[in-house]
Amino acid sequence: MVAPLLRVRDLNKIYSGKGHRIVACEDVSFDVYPGEVLGIVGESGSGKSTVLQCLFQDVIPTSGSAFLTSFHGGERNMWDADRRERRELRTHRMSMVYQNPRQGLNLMVTAGGNVAERLLAADWRRVSDIRAKASDYLVRTEVPIERMDDFPAFFSGGMQQRVQIAKALANNPELVLLDELTTGLDVSVQAGVLDLVRDIQSRYGVTAIVVSHDLGVIRLLADRTLVMKDGHVVESGLTDQILEDPQHPYTQLLVNCVTN
Amino acid sequence: MADPMLSVSGLSKTITLHILHGAEVRPLRDVSFDLDAGEFLAIAGPSGAGKSSLLKCLNRTYLATAGTARYITRAGETVDLFSAPEREVVALRRDEITYVSQFLKAPPRVPAVDVVASVLTQRGVELEVARERASAMLSRLGMGPSLQTSYPALFSGGEQQRVNVAKAFVAPPRLLLLDEPTSALDADNRERVIELLHEAQAAGTAVIAIFHDRDLIRRLADRVLVLADGTAREVAPDDDYIAGDSVTDELLEVSR
């Protein structure tokens, strides 16, 4: 049996301040296998984005462990990484597509420059190689090549999202984290972005974690799904089973709230 | 005597509807049967008897509440389809077990030929080869080139069903689970599906199929599992229940 690419065990993230304590996620554990798309679904505030932020180390977890096969042979907790290792994890091994393109892109650097930044971080040096590679990925994500030298600040939301995807894929990461990538886009643009991700997944077999509140997105992209509520994983299973035979009261509610 | 390819024992399914104050539905109670390679088991019974639930449990779209489904894989390993790790179920669905639901659930904005070809590309067949084979299968089911490159969401019920059936036969699996595969087809297309089923069976595919049409059961099935009110009993295809003129009425009678 193939070993998991990523193992997450007992992830906890607690925000505490004066007189209050907010549990963003508690005892979250799961595996992700090579070539698989894992969905995480839940309402806002359920902790699903926190899981991704912890994995990408935008946020430092309170406790828990995460093992990536290629990182010290899966022996060293990613969350014990030093600065240099953390940078390497974020530039070579994983990438993140944020709900808000402002987080994932520098809007005042050209589209090509954004992708190039990622390649530079991954130790690419020759300008001509970088430019060729950047244009290759923009083409793959259907960003018109004549817009390569324009600033994403002037792109539509859908095109910004496609530049983000190009940037996220440019250095062949082992694991791609996608956070609500279609939220806030109108439905026809959502469809285009989803088709793109699905096409890339089937062509290149990318391993990914897709976080969404939208069961339609999960149905389309995920092989397996975790359902989160109030910081906990309340149910997990094959995506079609979660949708057709949900076990947990919250999942049943969620599935029955879908309008069509 | 070798073990059967599939041995279902004590399958029960209870659905608890928490959103309806914990109401319980019990579509299946203590269902058991065996199936050998190349064998054709028809499932008969009135609407609501648990027929689709049975197939969904075998496909793991439903979680069985009790029981086991010992399946011997192509590699000769025995797995319990009800409790195998999800990863193994994903692999079995890709390589060995195909479930065809009553209604097509095709991804949006994907042409019919690619919907069918995806079964092959998932198994590592080159896209161009997969498209050719998918196209040939759809042609065999009477679907012309212009329909093949259209989106199934726009199709009629019978056309969607043919796309669904093509997915099953473009790469015949070891175990085929069919939920009323001919319910929306005209007589010609029904005959084509019967032909495909005969071919698959001859190639060793074991089939579990839900049919309402007693003529089809007589022509195809080796054995018949009659479900009524969630419980099963096995009859021969030439049993009175199947041969009778008003089979549905009689089956309804059984369920009362």
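Note that these values count all heavy atoms, side chains included, but never hydrogens, waters or copies made by symmetry. None of the values given here were measured: they were computed from a predicted structure. The sequence lines fix the lettering, A, B, ..., with proteins before strands; numbering per chain opens at 1.
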query = How long is the span from the CD atom in A:Q241 to the CG atom in B:N59, to the nearest 0.5 Å?
reply = 11.0 Å

message = Around atom CZ of A:R219, are there more than 12 heavy atoms from other residues, nucleotides or ligands closer than 6.0 Å?
response = no

key: Derivation of the salt bridge (charged side-chain N to carboxylate O under 4.0 Å, His left out) call for A:E244 and B:R60   = CA-CA 10 Å; A:E244 291 204 36; B:R60 255 301 252 292; over 6 Å; no

inquiry  = With heavy-atom distances below 4.5 Å as the criterion, would you say the side chains of A:R198 and B:V110 are in contact?
reply    = yes

request  = To the nearest 0.5 Å, tell me how far B:L20 CG sits from A:N256 CG.
outcome  = 8.0 Å

Minimum heavy-atom distance between A:G237 and B:E86, given as atom pair plus value = CA-OE2, 3.2 Å

inquiry  = Using side-chain heavy atoms (C-beta onward) and a distance below 4.5 Å, is A:L238 in contact with B:R93?
reply    = yes

task = Would you indicate whether the side-chain heavy atoms of B:I19 and A:P249 approach each other to under 4.5 Å?
result = no

task = Against chain B, label A:L253 side chain, backbone, both or neither, depending on which of its atoms sit under 4.5 Å from a heavy atom there.
result = both

ask   = Rounded to the nearest 0.5 Å, what separation is found between the CD atom of A:E235 and the CG atom of B:L63?
value = 7.5 Å

query = Considering only heavy atoms, which portion of B:T16 lies under 4.5 Å from any heavy atom of chain A: side chain, backbone, both, or neither?
reply = backbone

message = With a 4.5 Å cut-off on side-chain heavy atoms, are A:E36 and B:R87 touching?
response = yes

key: B:E126 atom CD, over 12 foreign heavy atoms within 6.0 Å   = no

query = Side chains of A:L220 and B:P108: closer than 4.5 Å at any heavy-atom pair?
reply = yes

ask   = Would the number of heavy atoms belonging to other residues, nucleotides or ligands and lying under 6.0 Å from CZ of A:R7 be above 12?
value = yes

